[in-house]
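To start, the structure itself, in structure tokens.
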Amino acid sequence: MLLLIPLFGLQVATQTLNQDTKKSIYEIISTNNDFSSLDGYIKNLKMEGMFNSSSNITFIAPTNSAFEKVVSYYPIDIYQDSRMTKELLNYHIVPDTYDSDKLINGQLLKTKYNVFDRYQMVKVYKNNDDDVSIGNSKVIGKQINASNGVIYVVDSLLNLPTTLDNVMHDEKQLKNFYELSKQSGLLDYLSHSQIYTVFVSEDNLEGLDDLHKDFLTNPKSGSALRHFLRHQIVEGLYYNQDFPNGDTKYETATKESLTISKDDKGNVKVNGADIIKSDVLASNGVVHILSTSIPSKDISKELDLRDSLIAINATRFVSLLENYGLGSFLKPDEDVTHTFLVPPNEALDTDNLSHKEIESWLKYHILSSAYKPKDLVDGTFLKTMSNSRLGGSNRQRILVRVNNDGSNSYDFHTQFSKLSVQFGNVGNAGDFIKSENNIIYPLQNALQLPRSVLQTLPTHLKFSSYIASLYSSSMSKEIDQTKGLTVFAPNNDAFGRLGLLTNYLMQPYAQEQLAKVISFHAAIELFYSPEIEERQYSVPTLSKEKIVINKTQDGIFLIGAGAASGEDTSVIGKAVQLDILIDNGVVHEIDHIQIPSGLSVTNRQLLEASNMQSMINVIEKSELPQEVLDGTKGFYTIIAPSELAFSKIELSKLLNDPEKLLRFAKLHVIPSYIPRMIMLNGKRDDSIVPSFSVEDNENAIHKELTFAGVDFDTLLSEDNKLVLRKTPLGYSVSVKGSLQESGDVIEVGRVTSGGGVIKINRCLMPYEDSSTGDLSGFTIAMIVIGSLIALGIIGFLAYYIWRRYAESREGGVSLGT
């Protein structure tokens, strides 16, 4: 209320002064108490003469209260800085006379304030009620006419125009451009003395897709954002009033052009966007606010590969590629395309990795071709650009898993797909991106390069026997370091199925033989299961022998020298888990160990390794042919009782009876290939379905056993045959025609000649040498029970006949009537 009294008095004074034009501007100012602060200001600068002698001046005169506002906002003595004061005073002086009736809204008045070698403008605002403001100051009352010009009394000092960077900071509608300029380093560009006209919208990224926005606002986008913003800057000063009617092209700071169109009503468009607020003044230029953004044509183009990666914030991935000599992958090449599997920045930890390891690891995130979602097939192995430890032109593979819920769809318009994909064991973290014919999949984590076979397989307990055999055979280093291997790794059950042969191979003295077996399972060629055609391959191995790989519709099979035919399922190995990736190749798990032809194992070696010395003694003392124990070409199958079984008979007596010993020994030797018997953990293994045998030579095939039993000749005679049959849990061996108990099979081992050893739990006796002492308890019990029943029946019949006879003698028998 206190301010209204002097203002009201000032309005009355201006009405009175307006009638007297004989006084100069300074005379009016100096004689009016409401301008005492202003008068002191003028005297301090010694500018009284200018206001007295100069003509045609429009003076914007602040009242005392206006100066009080300045002191409250800026706690300084304005009289202490003559430079600032003179600049401020000159900004209130317009070297021309403007009557208030002729002022129009948006009109620009040139002041005496000069900075950057040009006189600064002040803008006039006039509403429908003819209320006038000049710059940030409201005009109070009517103009005061003086002999040398006019005075406009205002309620505050004018704010000196600042540079473009400060203007954008203070203007709400320019905040977006200010923040983007600050991020891009453009603010420094806008703070210099160079004069610019800037066209700005409230959202300068409007109309761009998310990828372009993310790229431009990423701190690692380099000069891209700066370039984008400079497209909206024209060098030179162009106020709204300076634009001519029609279409005019203006070159931007990026050497592009803006088309500015002005119609007859004064409406202006910039590249089709309306100017909704013109002439936001700055000391080094002017800003025009637009209705919408005017992005450069360049930015509307598809982002290149590097920029696309920056857009998804894969900045560390890009940096690593460039720092480790892989920047060429980021350069456009129409003839070479890739798929980039991009981890988040925080997942790319290179600590404790060598330069070579990092390079190989990064290449593992780049596929050798561009794969859109529609190109991905579940369960396939894709080639990467990493050839770590594979040798030659071979490339590491990565397994891709694609969901099958019907979402594997590709939209060629949006270029995005809602798809769940897993590369290795890492899932995608968002939609894929197409860039320059390359494809980008953001990942949830970094991929892991395949590790060595000695690091990978021990994590699977089922390979514990294989790992042990690698070290026992001293093959671990060769398997681990040879490049480009396909390893067919037997699981623990495979070692179990070898039975007695495993016992032998794991002996310290059989290290060389074990090495032959292990090396025979390492093919010197890469075979990833999806890339194997349905046919037979004969491939070299580390053992220098070739092994046969056969792919059928039933799976992938491995055939070594021990197979009687391609259908011998008791020997042939089947790949039961495929494609375990290792750094120097690939591993396939198999269920049967294959025997190379160069491996020589005899019956004696199996018996010795399994501590069956008694059977060796029996055969040696009976003077059977040496080939039975030590032959490598003839086929003999030894039915070997265990040491426990020998302990239940009088072995010493048997050994001292040459004739009986010979008969015993011959009975336990079958001059035939060992039958197909699959044992695992002491029981018959029915996990492998038997197939039909090939009957080229009855003695040269591995016969298939049945529950009814199969007869086998022995060395003893044609009349002394052994019957081998399946039992509910395993196999048994019995003497044909004998009542003695059969022996249960404990373990089996095949030798390289085709024969082998069948370990049983009892000793068998020739038919003519068998006695009740050799019969089983059950058999003896049945004989005893049968005899007692027979004796009872005979006794009953005898008693019955005797009674009839006695009655007839006594006349007790009725003769009838």
Side-chain angles (χ1 to χ4, degrees), residues 309 314 316-330 338-369 371 376 379-401 421-429 439-460 463 467 476-487 489 522 526-531 577-589:
L309 291 171
R316 179 155 173 76
F317 184 69
V318 170
S319 176
L320 287 173
L321 289 176
E322 293 174 339
N323 292 341
Y324 286 87
L326 304 176
S328 59
F329 284 107
L330 301 176
H338 298 287
T339 299
F340 291 80
L341 310 176
V342 184
N345 289 336
E346 60 274 13
L348 291 169
D349 183 6
T350 57
D351 292 345
N352 303 319
L353 294 178
S354 67
H355 187 288
K356 186 175 181 180
E357 288 171 331
I358 294 173
E359 179 183 337
S360 181
W361 178 48
L362 291 171
K363 285 183 177 180
Y364 195 60
H365 290 79
I366 305 174
L367 304 184
S368 61
S369 299
Y371 294 96
L376 297 176
T380 55
F381 285 84
L382 306 179
K383 284 185 180 181
T384 72
M385 295 307 296
S386 176
N387 63 349
S388 170
R389 300 192 64 203
L390 290 181
S393 60
N394 294 316
R395 295 287 182 267
Q396 289 286 356
R397 304 300 206 276
I398 190 167
L399 174 66
V400 60
R401 304 311 303 261
V421 183
Q422 185 169 300
F423 297 95
N425 60 349
V426 180
N428 64 311
I439 301 297
I440 301 170
Y441 290 93
L443 299 185
Q444 297 173 6
N445 209 335
L447 300 172
Q448 287 190 347
L449 266 171
R451 298 186 298 169
S452 73
V453 65
L454 299 179
Q455 293 173 314
T456 301
L457 294 191
T459 63
H460 303 267
F463 292 121
I467 293 299
S476 57
K477 185 175 181 179
E478 187 173 1
I479 293 290
D480 181 57
Q481 295 186 359
T482 303
K483 295 180 178 181
L485 283 185
T486 298
V487 177
L526 287 175
F527 287 94
Y528 298 94
S529 65
E531 300 170 15
Q577 181 181 349
L578 301 169
D579 304 301
I580 302 171
L581 300 178
I582 55 176
D583 62 354
N584 63 330
V586 62
V587 175
H588 303 298
E589 176 193 353

Legend entry - Donor-acceptor contact below 3.5 Å, side chain Thr384 vs main chain Gln396: yes

Inset, instruction - Step through the shown structure and confirm whether more than 12 heavy atoms of other residues, nucleotides or ligands are within 6.0 Å of CD on Gln448. - result: no

Inset, instruction - Might you point out which heavy atoms bring Gly585 and Leu526 nearest each other, and give the distance in Å? - result: CA-CD2, 3.5 Å

Legend entry - Euclidean distance, Arg451 CZ relative to Arg389 CZ, rounded to 0.5 Å: 13.0 Å

Legend entry - Ile398 side, atom CD1; His365 side, atom NE2 - distance, nearest 0.5 Å: 7.5 Å

Legend entry - Test item: Arg316 side-chain N/O and Leu348 main-chain N/O as donor-acceptor pair under 3.5 Å: yes

Inset, instruction - Mind listing the closest non-hydrogen atom pair of Arg395 and Asn387 along with its distance? - result: NH1-CB, 3.4 Å

Inset, instruction - Taking Trp361 for its side chain and Leu447 for its backbone only, find out whether a donor-acceptor pair lies under 3.5 Å. - result: yes

Inset, instruction - Please answer whether the main-chain N or O of Leu578 pairs with a side-chain N or O of Ser529 as donor and acceptor at a distance below 3.5 Å. - result: no

Inset, instruction - Examine distances only and state if a side-chain atom of Glu478 and a backbone atom of Asp480 form a donor-acceptor pair shorter than 3.5 Å. - result: no

Legend entry - Pairwise side-chain contact, Asp583 with Ser452, heavy-atom cut-off 4.5 Å (strictly under): yes

Legend entry - Asn428 side-chain N/O to Val421 backbone N/O, donor-acceptor pair under 3.5 Å: yes

Legend entry - Distance (rounded to the nearest 0.5 Å) between Ile580 CD1 and Leu457 CG: 6.0 Å

Legend entry - Gap separating the CD1 atom of Ile440 from the CZ atom of Phe317, nearest 0.5 angstrom: 9.0 Å

Legend entry - Heavy-atom pair with the smallest gap, counting every atom of Thr482 and Asn584: O-ND2, 2.7 Å

Legend entry - Salt-bridge criterion met for Arg397 and Glu531 (N-O under 4.0 Å): yes

Legend entry - Inter-residue atom distance Asp349.CG - Ile358.CD1, 0.5 Å rounding: 9.5 Å

Legend entry - Distance-only donor-acceptor check, side chains Asn323 and Ser319, under 3.5 Å: yes

Inset, instruction - Verify, without hydrogens or angle tests, whether Thr459 (side chain) and Thr456 (backbone) share a donor-acceptor contact under 3.5 angstrom. - result: yes

Inset, instruction - Give a yes or no on whether the backbone of Tyr371 and the side-chain of Thr339 come within a donor-acceptor separation of less than 3.5 Å. - result: yes

Inset, instruction - For Asn352, look at atom CG and say whether over 12 heavy atoms of other residues, nucleotides or ligands are found less than 6.0 Å away. - result: no

Inset, instruction - Could you tell me whether the side chain of His338 and the main chain of Ser369 form a donor-acceptor pair under 3.5 Å? - result: no

Legend entry - CG on Leu341 to CD1 on Ile439, rounded to 0.5 Å: 11.5 Å

